[in-house]
> 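Got a structure for you, questions after.
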Amino acid sequence: MAGVLRRDDEIRRWLAREADDNGFSTVAIASAKAVPGRADKLNAYLGSNYHGTMSWMAETAARRASPKALWPEAETVIMLAMNYGPAEDPLAGLQRPAHGGISVYARNRDYHDLIKGRLKTIAGRLAARTDARVKIFVDTAPVMEKPLAEASGIGWQGKHTNLVSREHGSWLFLGSIFTTLALVPDDPGTDHCGQCRACLDICPTNAFPNAYQIDARRCISYLTIEHKGPVPHEFRKAIGNRIYGCDDCLAVCPWNKFASATAEIKLTARQDLIAPKLADLLELDDAAFRSFFSGSPVKRIGRDRFIRNCLIAAGNSGDSTLQNRCHILLGDPSSLVRGAAVWALSQLMDADAFAALRKNAVSVETDHTVLREWAAVQNGKRETGQ
């Protein structure tokens with residue numbers, strides 16, 4: 001047994017060096033048999049339809065239930081985390097309504113690509129060193145990364161359902177290496193949220209039915225990224241100028257303050273993605289969108305969905321100078337864009353001017369989803385039924 005432990009310690013030291021050399025903030029070990037009770041919680045989540053239109057979560061539920069379900073030969077899960085904490089206050093941009101708010105994680109290269117390459121490097125070296133088989137996973141695979149990170153001791157899942165670390169706060173990218181190599185697991189993380197509910201109280205759309213539960217259908221990150229159709233009217237004002245994701249619940253986590261004194265900024269944001277002007281973004285056609293967001297995760301949602309988000313932000317901006325561009329987008333080939341332009345103009349124009357515009361526009365519009373947007377407004381304002 002002593003020989004096994006010595007070998008285990010040697011591999012741990014080696015993993016720590018490799019993680020540091022490849023830009024990761026921390027590394028820890030969980031058993032592939034960890035998170036046995038998470039399958040029931042996942043099924044309850046799916047049963048409540050909190051996943052919205054993310055059908056892939058239900059389709060992969062059986063494989064997501066445990067590492068062994070995904071790869072029966074796995075013995076160990078090596079969890080790695082990278083701090084992506086911002087150098088500036090991510091909520092400051094919310095006070096600049098003529099500018100768009102892009103989530104901190106999306107202000108650099110797509111983290112899937114960034115982390116995957118580094119995980120491959122470490123996993124390949126581990127396999128060569130130990131003859132063990134390895135597989136790597138970054139977010140897109142059916143892996144319960146946050147519960148596994150908690151099981152490994154990196155942190156704990158906070159009341160906002162994201163991982164929290166005493167050393168790195170709420171700003172962590174996660175990746176995993178599954179391996180047939182048997183290693184002694186680390187102690188699991190301990191919940192240190194206490195009585196704090198800052199993350200729950202700040203949510204603009206009340207997306208948390210209870211602490212440690214999130215209803216994705218109400219979450220701004222889901223609505224601006226995963227949701228493909230028109231954003232439900234009830235959430236549009238609350239979205240404000242958030243055009244890709246939402247950082248509110250992460251940014252107010254008190255553990256961020258303790259981490260900031262020692263945190264090393266691993267990723268530097270593109271300056272043009274910190275608070276881009278809505279006027280510039282609304283000019284983007286498909287080619288310009290792809291060029292501007294090359295290498296960014298924003299590119300994955302496509303131009304039409306992104307412009308939909310920008311039009312909602314424009315409607316919330318109170319900036320009348322955006323009217324002309326919104327008016328042009330009433331003729332956009334995408335019905336999703338045209339519908340969002342209707343709402344934006346209903347917020348920016350005076351009642352009489354909007355009523356005249358509405359009369360002319362509905363006579364030539366043929367798409368039923370856009371016509372529903374026109375029908376939802378009267379005298380320049382949306383009918384709330386209140």
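Bear in mind the structure is a predicted one, so any value in this text is a computation, not a measurement.
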> Quick check: do Arg305 and Lys228 have side-chain heavy atoms less than 4.5 Å from each other?
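Yes, side chains in contact.
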> Could you tell me whether the side chain of Arg118 and the main chain of Asn22 form a donor-acceptor pair under 3.5 Å?
yes
> If we ignore angles and hydrogens, is there a donor and acceptor under 3.5 Å between the side chains of Tyr244 and Ser221?
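Absent: no donor and acceptor within the cut-off.
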> Is the gap between the ring centers of Tyr111 and Tyr84 under 6.0 Å?
no
> Assert yes or no for the condition that the ring centre distance of Tyr212 to Trp156 is strictly below 6.0 Å.
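They do not qualify: ring centres at least 6.0 Å apart.
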> For Trp14 and Leu126: C-alpha separation, side-chain torsions, deciding distance, then whether side-chain contact (heavy atoms from CB on, under 4.5 Å) applies.
CA-CA 9 Å; Trp14 178 85; Leu126 177 66; 3.8 Å; yes
> What pair of heavy atoms forms the shortest contact from Gln347 to Gly315, and how long is it?
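Taking Gln347 first and Gly315 second, the nearest heavy atoms are CB-O, 3.2 Å.
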> Go through it in stages, so that I can follow the logic: the residues are Leu322 and Ser317, the test is side-chain contact (heavy atoms from CB on, under 4.5 Å), and I'd like the CA-CA distance, side-chain angles, deciding distance and then a yes or no.
CA-CA 9 Å; Leu322 297 176; Ser317 71; 3.5 Å; yes
> Is there a donor in the side chain of Gln213 and an acceptor in the side chain of His160, or the other way round, less than 3.5 Å apart?
no
> What about Phe173 and Phe24, are their ring centers closer than 6.0 Å?
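Aromatic pair excluded; centres sit 6.0 Å or further apart.
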> Would you say that more than 12 heavy atoms from the other residues, nucleotides or ligands in this model lie under 6.0 Å from the NZ of Lys237, or not?
yes
> With a 4.0 Å cut-off, would you call Glu75 and Lys68 a salt bridge?
yes
> Sequence neighbours left out, what passes side-chain contact (heavy atoms from CB on, under 4.5 Å) with Asn309? Give chain and number order.
Thr224, Ile243, Ile301
> Charged N to carboxylate O under 4.0 angstrom, Arg236 versus Glu373?
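Salt bridge present between Arg236 and Glu373.
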> Any heavy-atom pair between the side chains of Ser170 and Asn162 that's under 4.5 Å?
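The answer is no, as the side chains (C-beta and beyond) never meet within the 4.5 Å cut-off.
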> List in chain and number order the residues that pass salt bridge (charged side-chain N to carboxylate O under 4.0 Å, His left out) with Arg300, two or more places apart in sequence or in another chain; answer none if no residue qualifies.
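Once residues adjacent in sequence are excluded, the partners of Arg300 under the salt bridge (charged side-chain N to carboxylate O under 4.0 Å, His left out) criterion are Asp110.
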> With side chains defined as the heavy atoms from C-beta onward, is the minimum distance between Leu281 and Phe306 less than 4.5 Å?
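Yes, at least one pair of side-chain atoms sits under 4.5 Å.
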> Counting heavy atoms not belonging to Lys277, are there more than 12 under 6.0 Å from its NZ?
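Atom NZ in Lys277 is not crowded, with 12 or fewer foreign heavy atoms closer than 6.0 Å.
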> Hydrophobic cluster membership, with links at side-chain heavy-atom distances under 4.5 Å among I/L/V/M/F/W/Y: are Trp255 and Val252 in one?
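Hydrophobic grouping puts Trp255 apart from Val252.
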> Stepwise, does the side-chain contact (heavy atoms from CB on, under 4.5 Å) test hold for His327 with Gln323?
CA-CA 6 Å; His327 191 280; Gln323 285 187 36; over 6 Å; no
> Is there a side-chain contact (heavy atoms from CB on, under 4.5 Å) between Lys146 and Thr161 once you walk through the steps?
CA-CA 8 Å; Lys146 289 179 285 189; Thr161 74; 4.2 Å; yes
> Assigning hydrophobic clusters by single linkage (Ile, Leu, Val, Met, Phe, Trp, Tyr; side-chain heavy-atom cutoff under 4.5 Å), is Ile202 placed with Phe235?
no
> Ignoring hydrogens and angles, tell me if any N or O in the side chain of Lys116 forms a donor-acceptor pair with the backbone of Val138 under 3.5 Å.
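No.
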> Check whether Thr76 reaches the backbone of Thr179 with its side chain - one donor and one acceptor, N or O, closer than 3.5 Å.
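Side chain of Thr76 to backbone of Thr179, a donor-acceptor pair under 3.5 Å: no, none is there.
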> Under a 4.5 Å cut-off applied to non-hydrogen side-chain atoms, are Val143 and Leu70 in contact?
yes
> Taking C-beta and beyond as the side chain, do Phe292 and Asp272 meet within less than 4.5 Å on heavy atoms?
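Yes, side chains in contact.
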> Between Arg133 and Glu73, is there a side-chain N and carboxylate O pair less than 4.0 Å apart?
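Salt bridge flag = no for Glu73 with Arg133.
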